[in-house]
Amino acid sequence: MRVLAAVLLCLAPALPAAAAGEEAPVRVTSGTPEYCGALAARFAAVRRAAPPDARALAAEGTRLCGRGHVRTGVAKLRRAIRLAAPEPE
Amino acid sequence: MDPSLPAVAPSGAAAAVPRGGMAPPAGDRRERAPRGPGLPPPSGEDLAAGPPPAEGPLLHLLRSAGFRFALLFAALFAVSILAFALVLWWGTAGALDRQTNAVLRADALALEERWREAGASGAAEAIEERLAVDAEAESIYFLRAPDGRRLAGNLDRWPPEMEDASAVWADLSVTHDGQRSEARLHAIRLPGGHRLLVGRDVSDKIRLRQLLAEGLIWAAGFALLFALFGAWLLRRALETRLRPAFRTAAAIAGGDLRQRVRLTGLGDEFDRLGATMNAMLDRIDRLMAGVKGVSDAIAHDLRTPIARARAKLEDALRAAPDGAATAEEARALRAAIEEGIADLDAVTRVFQALLRIAEAEAGARRAAFAPLDLVPLLADLAEFYGAAAEAAGQRLETDLPASVPLTGDRDLLLQAVANLLDNAVKFGPPGGTVRLSARALPGEPGPAGAALVAEVTVADEGPGIAPADRARAGERFFRADASRNTPGSGLGLSLVLAVAHLHRGELVLEDARPGARPPGLRARLRLASG
């Protein structure tokens with residue numbers, strides 16, 4: 001038992017160190033409420049020229065982001081911006 | 001020479017004497033009992049099972065040709081499945097990977113171009129624009145300043161795995177919307193120490209690839225099962241088809257020469273192999289029967305003249321006085337010795353005839369073949385047998401063309417026709433006519449496949465040969481009941497038949513006068529050239 005306890009004691013400080021060495025994967029930041037706000041601001045810049053569908057999508061996306069459905073809200077805002085963007089020649 | 005005729009009897013329709021007519025039909029023998037003399041043969045299964053079990057089952061299995069064929073089949077099947085899977089993988093999952101790489105490379109080049117046109121702010125704006133319209137949320141960007149700051153993009157930090165400037169491509173796990181997903185990343189260096197990272201979330205593609213891999217693995221597993229089943233079927237089919245040949249060979253090896261390979265009637269390679277084996281065994285059977293027949297005949301037919309000669313010599317010995325003999329006793333003794341010598345000469349002639357038949361049947365005389373004209377040869381025979389016919393109160397008529405060319409053995413042909421003429425004179429009635437004729441044939445196909453070019457016919461007015469006896473007339477020592485009292489050894493027609501076969505021809509026996517009594521006998525010796 002003493003030997004087992006000694007081994008556990010030796011390992012105890014090592015385990016947190018190992019966990020610290022294992023770096024968390026990089027994170028994609030385009031799924032946050034902040035990014036939702038950034039997209040809403042970008043759409044506002046082109047809102048005047050945007051078609052009604054795009055406006056509706058943007059409004060819905062903003063509302064979803066406000067209710068916490070960030071992923072869906074971001075997707076709708078992106079679709080709205082895509083619709084509002086001028087067609088490439 | 002002893003050109004004696006086999007037994008004759010009232011005859012019917014014509015019949016050709018078959019080659020090796022001594023053997024019974026092969027079809028009869030196929031139904032016979034499988035056991036013959038000698039030790040019991042090993043069974044087909046024993047042979048199919050192969051070498052002794054001391055080798056071990058694995059080695060025995062490897063030695064099986066059926067197993068090797070099956071293994072080859074399974075290997076080919078597996079290789080084809082593997083090739084199919086590789087092509088399918090390369091065309092689907094590989095195409096998706098190549099497509100992702102191409103998109104990333106093109107996007108990075110476009111941003112690099114934008115950098116050159118508008119600098120860092122222009123490239124950053126382009127990145128933000130791209131992210132703003134990425135409704136599928138698949139794009140990943142990171143524009144890093146030389147000091148490590150993020151100028152644009154949607155990653156919280158530069159991936160540590162791509163810190164090294166030489167790292168251009170990487171597959172990494174990223175956290176996207178709180179969930180772990182996989183991303184394909186491509187990094188390039190920009191002027192001024194900036195670096196650009198372009199990536200795509202490939203989780204969906206990876207899931208598709210996993211589904212494809214699972215499908216392929218299942219398909220390969222089933223294909224392998226089918227391959228093994230097919231291999232088992234192949235091996236079993238081979239063993240089943242070869243088993244009759246094994247069994248027959250085993251029975252033959254065990255001494256039962258009557259066994260034959262059972263044919264399926266499909267006419268495939270195995271049937272042809274079986275038919276060839278059966279033909280070979282029929283031939284061996286005929287030869288064995290011939291040897292046995294000759295041995296039996298020699299033992300039976302030569303015992304009589306030898307015993308007779310011995311009895312005469314013993315009588316002479318008993319009758320001879322111990323002292324000086326009178327002239328009468330000396331003459332009797334001399335006559336007995338002469339008769340004994342005559343009997344022994346007859347035995348010698350039989351042996352000579354047997355040797356000649358054996359030579360002709362073995363084809364050993366074929367080397368003596370030479371071009372010849374049959375007509376002078378037949379004319380000489382007609383002259384000789386004309387005198388013999390006259391002595392018997394008969395007449396010999398000839399019908400010979402100017403020439404009948406042929407390539408053959410002169411001595412044997414002379415002997416064969418002499419045998420036919422001798423028989424005709426011997427069995428023809430007094431006052432009867434023996435007819436000798438010859439003609440050239442137009443090359444019609446003979447029984448051995450060769451073109452027949454000459455025909456010699458000898459016809460008499462004797463009792464003929466019964467149709468039932470004609471097939472056996474070529475057997476050595478065969479004598480019908482009606483000819484038992486006529487001098488002869490039963491070898492005359494055997495030699496004629498052997499000469500016909502040596503010349504790839506045939507001997508046809510038929511009634512000389514159909515419907516008449518006696519019907520007479522017409523013997524037609526039909527010959528091919530060379």
Side-chain angles (χ1 to χ4, degrees), chain A residues 18-51 53-62 64-89, chain B residues 106 110 114 124-144 148-163 167 170-187 195-204 206:
Chain A
E22 191 177 303
E23 203 165 350
V26 291
R27 186 170 56 86
V28 177
T29 58
S30 50
T32 59
E34 294 78 18
Y35 189 67
C36 211
L39 285 178
R42 180 176 283 271
F43 181 78
V46 295
R47 181 184 180 83
R48 190 166 296 177
D53 292 349
R55 288 181 195 171
L57 272 174
E60 192 179 350
T62 306
L64 285 169
C65 283
R67 290 179 182 174
H69 303 294
V70 177
R71 187 175 185 177
T72 317
V74 167
K76 289 193 179 293
L77 282 167
R78 279 173 162 166
R79 271 194 217 107
I81 294 169
R82 185 185 285 178
L83 284 174
E87 289 291 323
E89 293 182 1
Chain B
R114 182 71 178 151
E125 179 54 29
I127 288 172
E128 294 305 329
E129 279 178 10
R130 280 166 164 75
L131 286 173
V133 296
D134 179 26
E136 292 79 19
E138 288 181 341
S139 299
I140 295 172
Y141 292 99
F142 196 106
L143 178 59
R144 190 175 80 163
R149 282 182 303 113
R150 185 179 79 176
L151 300 179
N154 58 346
L155 281 183
D156 64 339
R157 65 183 187 278
W158 186 268
E161 293 84 351
M162 305 196 75
E163 282 293 348
D171 292 301
L172 297 179
S173 291
V174 298
T175 304
H176 200 169
D177 294 334
Q179 293 180 344
R180 180 72 65 94
S181 59
E182 302 300 319
R184 175 77 171 157
L185 302 175
H186 178 44
R195 293 190 73 185
L196 173 64
L197 185 72
V198 182
R200 291 290 183 275
D201 188 327
V202 291
S203 297
D204 290 343
I206 286 179

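We name chains A, B, ... by the order of the sequence lines, and we start the count at 1 in each one.
With rounding to the nearest 0.5 angstrom, the OG atom of A:Ser30 is 8.5 Å from the CG atom of A:Leu39. Atom CZ of B:Arg149 sits about 11.5 Å away from atom CZ of B:Arg144, to the nearest 0.5 Å. To the nearest 0.5 angstrom, B:Asn154 atom CG is 4.5 Å from B:Leu131 atom CG.
Listed here is the closest heavy atom pair of B:Tyr141 and B:Arg130: OH-CD, 3.3 Å.
Taking a cutoff of 4.0 Å between a charged side-chain nitrogen and a carboxylate oxygen, B:Arg200 and B:Glu136 do not qualify as a salt bridge. A salt bridge is absent between B:Glu129 and A:Arg78; no separation between the charged side-chain nitrogens and carboxylate oxygens falls under 4.0 Å.
Partners of B:Ala152 by side chain to side chain contact (heavy atoms under 4.5 Å, CB included), not counting sequence neighbours, listed by chain and number: B:Ala124, B:Ile127, B:Glu128, B:Leu143.
The number of heavy-atom neighbours closer than 6.0 Å to CZ of B:Arg150, taken from other residues, nucleotides and ligands shown, is above 12.
The candidate from B:Val174, B:Asp134, B:Leu172 with the greatest count of non-hydrogen atom pairs under 4.5 Å with chain A is B:Asp134. Contacts with chain A were tallied for B:Leu155, B:Asp156, B:Ile140; B:Asp156 has the most, counting heavy-atom pairs under 4.5 Å. Between chain B and the residues A:Val26, A:Thr32, A:Leu77, the most heavy-atom pairs under 4.5 angstrom are made by A:Val26.
No part of A:Phe43 comes within reach of chain B, as not one of its non-hydrogen atoms sits under 4.5 angstrom from that chain. A:Arg42 touches chain B through its side chain: at least one heavy atom from C-beta onward sits under 4.5 Å away, while N, CA, C and O do not. Heavy-atom distances place no part of B:Glu161 under 4.5 Å from chain A, backbone and side chain included.
A 4.5 Å side-chain heavy-atom check between B:Trp158 and B:Leu197 finds at least one atom pair inside the cut-off.
Of all residues spanning residues 178-186 of chain B, those with a heavy atom less than 4.5 Å away from chain A's heavy atoms are B:Gln179, B:Arg180, arranged by number.
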